[in-house]
Asks: 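Dumping the structure here so I can ask a few things about it.
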Amino acid sequence: MEKLSGILVGSVNIVGNATLVYVNTTITDSAVLECSIQNKNITDWSNVRFYWQDNRDFVLYSYNEGKKMAEHVNDYYKHRVTAFPQDIIRGNISIILKNLTLEDNGRTFWAFAAVLDGSVMKRYHLEHTQICQVTLQIGVPYQNPMLDVNMETMTAVCTTQGGFPAPEIQWVLLYNSSHQSVESRNIQTTTMQNYHDRLYGFHSTLPIPAGPHKAVSCHIHNPTLNRTMTATHTLNKGAGVTSSPECLTSAAVFLLTALHWL
Ligand SMILES: *[C@@H]1O[C@H](CO)[C@@H](O)[C@H](O)[C@H]1NC(C)=O
Ligand SMILES: *[C@@H]1O[C@H](CO)[C@@H](O)[C@H](O)[C@H]1NC(C)=O
Ligand SMILES: *[C@@H]1O[C@H](CO)[C@@H](O)[C@H](O)[C@H]1NC(C)=O
Ligand SMILES: *[C@@H]1O[C@H](CO)[C@@H](O)[C@H](O)[C@H]1NC(C)=O
Ligand SMILES: *[C@@H]1O[C@H](CO)[C@@H](O)[C@H](O)[C@H]1NC(C)=O
Ligand SMILES: *[C@@H]1O[C@H](CO)[C@@H](O)[C@H](O)[C@H]1NC(C)=O
């Protein structure tokens, strides 16, 4: 597929905003796939013709002669896509894709358009030109993490499930209102993905080091939704926690689970 930023369509040159756009959104929500034909030479949009298709060549939306051409739309997108008729007449060919699922995650969509020239020839001179590209990244929020602390074994266990993509996990030791440190030693994290719904769950164990910290917290970050959930457990003062100088020198190292997601 050609990627062109400007091409003759009809008698005018369409210069599209053919930039790579990423849209992050939440499952079951809707996403606007934005696209505007930028061309001052076009004054009459009544003969605009456009379609959107995905990276499998499935057509999401097709528009010609002032109306939606429903017969061209792939079943996968039927009833999920609408345009904005009041905006099309200004060259804005954005559409909205509803009821997003993880099937839509990572998918790229392209808009192609042409405008009939005003000449007596009454035809489209060229094939439709790609003018916009949008990639969707879908996230599923994680449930609140559960944090269990065993004071006998001095271990903290953080668990959560039902999110997407794989989370980034961080353990933090809290000393007082202004001082905390990120703990990265001896942590054991297991991330599991459910093959049916593709959702992730994880289980992370921290051996609580000796030190003057008052609380331990587990942060889980959803990279697509840019949302972090935190669970904090206050440690009983003195209960098995003894001071050790080595613990005060721990550097703040971010522990990110570098997991690939589809
Ligand atoms: C608009 O038309 C003029 C004259 O034909 C041409 O020089 C110019 O490149 C066109 N601009 C665009 C953005 O197509
Ligand atoms: C195009 O229309 C959509 C839907 O109404 C809107 O969200 C978007 O801001 C518009 N874009 C421009 C450049 O006008
Ligand atoms: C949204 O998608 C889900 C899963 O594909 C489906 O079960 C549900 O009926 C859809 N809802 C609407 C309103 O289309
Ligand atoms: C917090 O703890 C740090 C390290 O122990 C200490 O340097 C700092 O003065 C404490 N701040 C407050 C407000 O207690
Ligand atoms: C969108 O999601 C990607 C993939 O998870 C992430 O790398 C990126 O930072 C997210 N963008 C925003 C604005 O949150
Ligand atoms: C994530 O959100 C924070 C504020 O909550 C913001 O400062 C940061 O820039 C965001 N990250 C991305 C990648 O958009």
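Count residues from 1 along the sequence. For ligands, and for the atoms within them, numbers begin at 1 and follow the listed sequence.
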Asks: Looking at N222 and V140, would you say the former's side chain and the latter's main chain have a donor-acceptor pair under 3.5 Å?
Replies: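 Judged by distance alone, yes, a pair lies under 3.5 Å.
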Asks: In this structure, which one of Y51, F50, Y61, Y63 forms a ring-ring contact (aromatic ring centres under 6.0 Å, His included) with F112?
Replies: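 Between F112 and the candidates, ring-ring contact (aromatic ring centres under 6.0 Å, His included) is satisfied uniquely by Y51.
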Asks: I need the nearest protein heavy-atom contact for atom 13 (C) of ligand 2: residue, atom name and distance, please.
Replies: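 The protein heavy atom lying closest is S36 OG, 3.4 Å.
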Asks: Which heavy atom of the protein is the closest neighbour of atom 5 (O) of ligand 2, given with residue, atom name and distance?
Replies: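 I find the closest protein heavy atom is D87 OD2, 2.6 Å.
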Asks: Could you tell me whether atom 7 (O) of ligand 2 has a protein heavy atom closer than 4.0 Å?
Replies: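 No.
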Asks: Numbering the atoms of ligand 5 from 1, which are under 4.0 Å from a heavy atom of N24?
Replies: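 Going through ligand 5 atom by atom, the ones under 4.0 Å from N24 are 1 (C), 2 (O), 3 (C), 8 (C), 10 (C), 11 (N), 12 (C), 14 (O).
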Asks: Search all heavy atoms of T232 against all heavy atoms of A215 and return the closest pair with its distance.
Replies: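 Distance-wise, the nearest heavy atoms are CG2-CB, 4.1 Å.
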Asks: Please find the pair of heavy atoms, one from P165 and one from Y200, that lie closest to each other, and give the distance.
Replies: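 Minimum heavy-atom separation between P165 and Y200: C-CD1, 3.7 Å.
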Asks: Identify the heavy atoms of C35 and W52 that sit nearest to each other, and give their distance.
Replies: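 It is CB-CZ2, 3.5 Å.
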Asks: List ligand 2 atoms under 4.0 Å from N92, heavy atoms only on the residue side.
Replies: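 Answer for ligand 2: 1 (C), 2 (O), 3 (C), 8 (C), 10 (C), 11 (N), 12 (C), 14 (O).
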Asks: Taking only heavy atoms of Q137, which atoms of ligand 5 are found under 4.0 Å from at least one of them?
Replies: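 Heavy-atom distances to Q137 below 4.0 Å select 1 (C), 2 (O), 3 (C), 4 (C).
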Asks: side-chain contact (heavy atoms from CB on, under 4.5 Å) for V149 and V216? Distances and angles first, verdict last.
Replies: CA-CA 9 Å; V149 173; V216 58; 4.0 Å; yes
Asks: With a 4.5 Å limit on heavy-atom distance, are the side chains of T26 and P141 in contact?
Replies: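 In short, these two side chains touch, coming nearer than 4.5 Å.
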Asks: For ligand 2, which atoms sit closer than 4.0 Å to a heavy atom of E34?
Replies: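 That gives atoms 8 (C), 9 (O), 10 (C), 11 (N) of ligand 2.
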Asks: Side chain, backbone, both or neither: which part of Q86 comes within less than 4.0 Å of ligand 2 when only heavy atoms are counted?
Replies: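 Neither; no heavy atom under 4.0 Å.
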Asks: Hey, which atoms in ligand 5 end up nearer than 4.0 Å to a heavy atom of N226?
Replies: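 Counting from 1, the qualifying ligand atoms are 14 (O).
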Asks: Does N176, backbone or side chain, put an N or O under 3.5 Å from an N or O of ligand 4?
Replies: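 Yes; the residue has a nitrogen or oxygen that sits under 3.5 Å from a nitrogen or oxygen of the ligand.
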